[in-house]
Amino acid sequence: MRGRFCKTVCGWLGLSLVMLSAGAFADDRLPTLNSEQANWVADRIFQNECNRQLSCLTSWNVGEDFPSLGIGHFIWYREGQRERFVESFPELLGYYVARGVDLPPWLAGLPGWASPWPDRETFLAEIDSEQMQSLRQFLSDTRSIQADFIMRRLEHSLPALTAASDQPAAIATEFYRVANSHVPHGMYALIDYVNFKGEGTATSERYRGQGWGLLQVLETMLAAPDDGSVLEQFAAAAQQVLARRIDNSPAERGEERWRSGWNNRTRTYVP
């Protein structure tokens with residue numbers, strides 16, 4: 001085990017979010033992002049998911065059985081639908097309500113906040129409907145709320161990551177090492193990857209028993225030599241984990257077509 005992991009890591013159980021100034025560093029704290037840095041992170045995520053296109057805020061990808069909405073392409077399932085991937089759009093709706101943001105009436109009135117479209121064909125047929133246009137406008141107008149939601153997801157992810165690992169102290173140290181690298185780039189890398197591929201703690205998100213989330217990326221970093229900068233190590237580990245996912249994925253999903261785009265995305269983590 002490398003020397004930096006021999007330190008005692010404190011504070012992760014409560015995940016106290018006592019923030020530092022943007023240029024400071026501590027082993028067990030996240031850096032504070034000022035408004036300019038936070039907006040930069042949000043814009044990068046919008047670029048990654050939607051190329052900053054309003055039309056992309058309501059999407060249903062080929063080969064998937066659910067729509068992806070907002071700047072983070074939050075997954076939305078139908079009532080009773082169960083899938084391998086972690087659903088996030090209803091949680092975002094709850095965050096809107098908690099922040100005092102009024103949902104569009106038709107959206108607020110959906111039973112259980114479940115997706116109303118039975119399939120991709122129906123979704124695409126209604127893509128220019130008044131209801132869908134209002135949803136895109138709402139998602140565009142509230143991009144900052146979505147960015148806050150994504151950042152809070154990262155802030156609350158560490159206890160789950162450490163609980164799922166057999167080397168929790170090392171994972172916590174690696175998490176903070178990335179977060180405090182080239183602020184705000186390290187925070188962007190963590191925030192974007194969690195939004196992109198999840199924490200990696202859900203047992204449903206596995207192919208052949210192997211996950212592809214942030215936990216697996218940090219574990220891959222721990223097992224790799226210290227070559228390059230911290231963010232170069234993170235990007236390389238992410239590419240390795242995503243390549244394994246593609247290799248393990250069911251052939252009918254055709255995930256090879258995403259390899260180039262995924263690799264391009266992880267390269268943006270290196271300043």
Side-chain angles (χ1 to χ4, degrees), residues 35 38-154 188 191-192 194-198 202 204-205 252-255 257-258 261-262 264-265 268:
S35 59
N39 288 336
W40 178 82
V41 170
D43 187 65
R44 290 298 309 178
I45 294 171
F46 190 29
Q47 169 69 30
N48 289 343
E49 294 288 359
C50 285
N51 199 27
R52 299 189 182 93
Q53 299 298 308
L54 183 66
S55 60
C56 179
L57 293 173
T58 53
S59 300
W60 191 314
N61 296 328
V62 174
E64 295 180 337
D65 193 26
F66 48 81
S68 301
L69 308 175
I71 67 169
H73 269 197
F74 308 106
I75 292 173
W76 198 11
Y77 290 149
R78 301 179 296 276
E79 184 178 3
Q81 184 178 6
R82 297 291 181 269
E83 297 281 346
R84 171 188 309 275
F85 309 106
V86 175
E87 185 183 30
S88 51
F89 191 67
E91 188 177 352
L92 172 63
L93 296 182
Y95 186 63
Y96 279 128
V97 172
R99 290 285 301 268
V101 177
D102 292 331
L103 302 178
W106 71 269
L107 184 58
L110 288 173
W113 284 341
S115 172
W117 302 286
D119 49 48
R120 185 170 184 267
E121 290 71 25
T122 304
F123 179 88
L124 294 178
E126 298 179 7
I127 199 68
D128 292 321
S129 67
E130 181 178 347
Q131 185 180 82
M132 196 79 82
Q133 290 181 42
S134 74
L135 178 57
R136 281 193 293 274
Q137 190 61 56
F138 173 75
L139 293 171
S140 178
D141 292 343
T142 58
R143 281 178 289 176
S144 63
I145 302 292
Q146 295 167 60
D148 289 344
F149 173 76
I150 293 169
M151 291 181 191
R152 283 173 60 86
R153 179 178 179 179
L154 173 69
Y188 158 62
I191 289 166
D192 184 73
V194 164
N195 181 67
F196 174 40
K197 291 303 176 193
S204 62
E205 292 189 332
E252 62 271 16
R253 283 189 55 81
E255 295 199 2
R257 69 186 186 274
W258 294 326
W262 288 355
N264 288 339
R265 183 168 184 160
T268 70

Indicate the atoms forming the closest heavy-atom contact of [X] with [Y], along with that distance.
{"X": "I71", "Y": "A147", "value": "CD1-N, 4.0 Å"}
{"X": "R120", "Y": "V62", "value": "NH2-CG2, 3.4 Å"}
{"X": "Y77", "Y": "E87", "value": "N-OE2, 2.7 Å"}
{"X": "W106", "Y": "P116", "value": "CZ3-CG, 4.4 Å"}
{"X": "F123", "Y": "P67", "value": "CE1-CB, 3.8 Å"}
{"X": "G72", "Y": "I150", "value": "CA-CD1, 4.2 Å"}

Answer yes or no: does atom [atom1] of [X] have more than 12 heavy-atom neighbours from other residues, nucleotides or ligands under 6.0 Å?
{"X": "R152", "atom1": "CZ", "answer": "no"}
{"X": "E79", "atom1": "CD", "answer": "no"}
{"X": "E130", "atom1": "CD", "answer": "no"}

Report the C-alpha distance between W117 and M132 in whole Å, list the side-chain angles of each, state the deciding distance to 0.1 Å, and finish with yes or no for side-chain contact (heavy atoms from CB on, under 4.5 Å).
CA-CA 11 Å; W117 302 286; M132 196 79 82; 3.7 Å; yes
Given side chains that start at C-beta, do those of [X] and [Y] come closer than 4.5 Å, heavy atoms only?
{"X": "Y188", "Y": "N48", "answer": "yes"}
{"X": "H73", "Y": "N195", "answer": "no"}
{"X": "W60", "Y": "I127", "answer": "no"}
{"X": "W113", "Y": "V97", "answer": "yes"}
{"X": "F46", "Y": "S140", "answer": "no"}
{"X": "R265", "Y": "D192", "answer": "yes"}
{"X": "E91", "Y": "F149", "answer": "yes"}
{"X": "R253", "Y": "W258", "answer": "yes"}

Can you list every pair that meets ring pair (Phe, Tyr, Trp, His ring centres under 6.0 Å) and has a residue in residues 127-146, with sequence neighbours left out?
Y96-F138
Does the pair D43/R143 count as a salt bridge with the N-to-O cut at 4.0 Å?
no
One thing to verify: whether R78 and E83 come together as a salt bridge, which I'm taking to mean a side-chain N less than 4.0 angstrom from a carboxylate O.
no
Apply the test side-chain contact (heavy atoms from CB on, under 4.5 Å) to residues Q81 and D65: give CA-CA distance (whole Å), side-chain angles for both, the deciding distance (0.1 Å), then the verdict.
CA-CA 10 Å; Q81 184 178 6; D65 193 26; 3.3 Å; yes
[X] side, atom [atom1]; [Y] side, atom [atom2] - distance, nearest 0.5 Å:
{"X": "N51", "Y": "C56", "atom1": "CG", "atom2": "SG", "answer": "8.0 Å"}
{"X": "L69", "Y": "R136", "atom1": "CG", "atom2": "CZ", "answer": "10.5 Å"}
{"X": "T142", "Y": "Q137", "atom1": "OG1", "atom2": "CD", "answer": "9.5 Å"}
{"X": "L135", "Y": "T58", "atom1": "CG", "atom2": "OG1", "answer": "6.5 Å"}
{"X": "L93", "Y": "F74", "atom1": "CG", "atom2": "CZ", "answer": "10.0 Å"}
{"X": "E126", "Y": "L124", "atom1": "CD", "atom2": "CG", "answer": "10.0 Å"}

E205 side-chain N/O to F85 backbone N/O, donor-acceptor pair under 3.5 Å
no
side-chain contact (heavy atoms from CB on, under 4.5 Å), that's the test. Do K197 and W262 meet it? Break it down for me.
CA-CA 10 Å; K197 291 303 176 193; W262 288 355; 3.1 Å; yes
Residues that S144 engages under side-chain hydrogen bond (donor to acceptor under 3.5 Å, both in side chains), provided they are two or more places apart:
none
